[in-house]
Chemist: 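Quick one: this structure, given as structure tokens, is what I'll be asking you about.
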Amino acid sequence: MGWLYLCIAGVLECLWALGLKYSDGFTRLWPSVISITLIVISLGLLSLAMRTIPIGTAYAVWSGIGAAMLATYGIMFLDESGSLIRISCILMIIAGGIGLKVFA
């Protein structure tokens, strides 16, 4: 269950970070409320995952999921550069997370 909690927490980390963008520095009520709620749930799930997954692995995978997803979102929807080198870096983040799971 730890890895399931961790994956869900990583996706929620991406969503709350995206919510922060739309909260406009916590000046917009609903994006702010949604972001804060997702932060609490994401960190709660990360905490549950750390019961069975080493802290370094859990944190690296959690932040890596968010980083890879947000970088991909930026390329797809925010007109950020989708250069081969950026895509390669995203793939290295994903490979690192898989490596931490396989060699844990």
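All residue numbers in this chain count up from 1 along the given sequence. As a basis for the values below, the full set of heavy atoms in this structure was taken, side chains included, without hydrogen atoms, waters or symmetry mates.
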Chemist: Taking atom CG of Leu29 as the centre, report whether more than 12 heavy atoms of other residues, nucleotides or ligands fall under 6.0 Å from it.
Modeler: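 Count over threshold, so yes.
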Chemist: How long is the span from the CG atom in Leu12 to the CG atom in Leu18, to the nearest 0.5 Å?
Modeler: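 Leu12 atom CG to Leu18 atom CG measures 12.5 Å (nearest 0.5 Å).
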Chemist: Would you list the atom pairs, donor with acceptor, under 3.5 Å between side chains in residues 53-71 and any protein atom, with sequence neighbours excluded?
Modeler:
residue	atom	partner	partner atom	Å
Trp62	NE1	Ala9	O	3.2
Trp62	NE1	Ser42	OG	3.0
Ser63	OG	Tyr59	O	3.0
Ser63	OG	Ala60	O	3.3

Chemist: Any chain of hydrophobic side-chain contacts (each under 4.5 Å) joining Leu100 to Leu6?
Modeler: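 The answer is yes; both residues are in one hydrophobic cluster.
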Chemist: Are side-chain heavy atoms of Lys21 and Leu78 found at a separation under 4.5 Å?
Modeler: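 Side chain of Lys21 against side chain of Leu78, heavy atoms only: contact under 4.5 Å found.
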Chemist: Would Val11 and Trp3 show up in the same hydrophobic cluster when neighbours are defined by side-chain heavy atoms closer than 4.5 Å?
Modeler: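 Result: yes, single cluster for both.
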Chemist: If you link ILVMFWY side chains whenever their heavy atoms are less than 4.5 Å apart, which other residues fall into the same cluster as Leu84? By chain and number, please.
Modeler: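 Other cluster members: none.
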Chemist: Nearest 0.5 Å please: distance from the CD1 atom of Ile85 over to the CE atom of Met92.
Modeler: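 CE of Met92 is found 7.0 Å from CD1 of Ile85.
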Chemist: Could you grab the distance from atom SG of Cys7 to atom CG of Leu45, nearest 0.5 Å is fine?
Modeler: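 Between Cys7 SG and Leu45 CG, I get 11.0 Å after rounding to 0.5 Å.
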Chemist: Check the hydrophobic clustering (I, L, V, M, F, W, Y; side-chain heavy atoms under 4.5 Å; chains of links allowed) and say if Val33 and Ile39 are grouped together.
Modeler: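 Not linked; separate clusters.
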Chemist: Would Tyr22 end up clustered with Met76 when hydrophobic side chains under 4.5 Å apart are linked, directly or stepwise?
Modeler: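 Yes, because Tyr22 and Met76 connect within a single hydrophobic cluster, where side-chain heavy atoms sit under 4.5 Å apart.
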Chemist: Given the rule that I, L, V, M, F, W and Y join up when any side-chain heavy atoms are under 4.5 Å apart, are Ile41 and Met1 in one cluster?
Modeler: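 Yes, it is one cluster - the side chains of Ile41 and Met1 are joined through contacts under 4.5 Å.
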Chemist: Measure across Ala49 and Gly2 and return the closest heavy-atom pair with its distance rounded to 0.1 Å.
Modeler: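 That closest heavy-atom pairing would be CB-O, 3.3 Å.
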Chemist: Is the shortest side-chain heavy-atom distance between Ile36 and Phe26 below 4.5 Å?
Modeler: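 Result yes, sub-4.5 Å side-chain heavy-atom pair found.
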Chemist: Could you name each residue pair satisfying salt bridge (charged side-chain N to carboxylate O under 4.0 Å, His left out) that touches residues 67-81, not counting sequence neighbours?
Modeler: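 Output for this query lists Glu80-Arg86.
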Chemist: Could you tell me the separation between the CH2 atom of Trp16 and the OG1 atom of Thr37, rounded to the nearest 0.5 Å?
Modeler: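 Output value for this atom pair is 13.0 Å.
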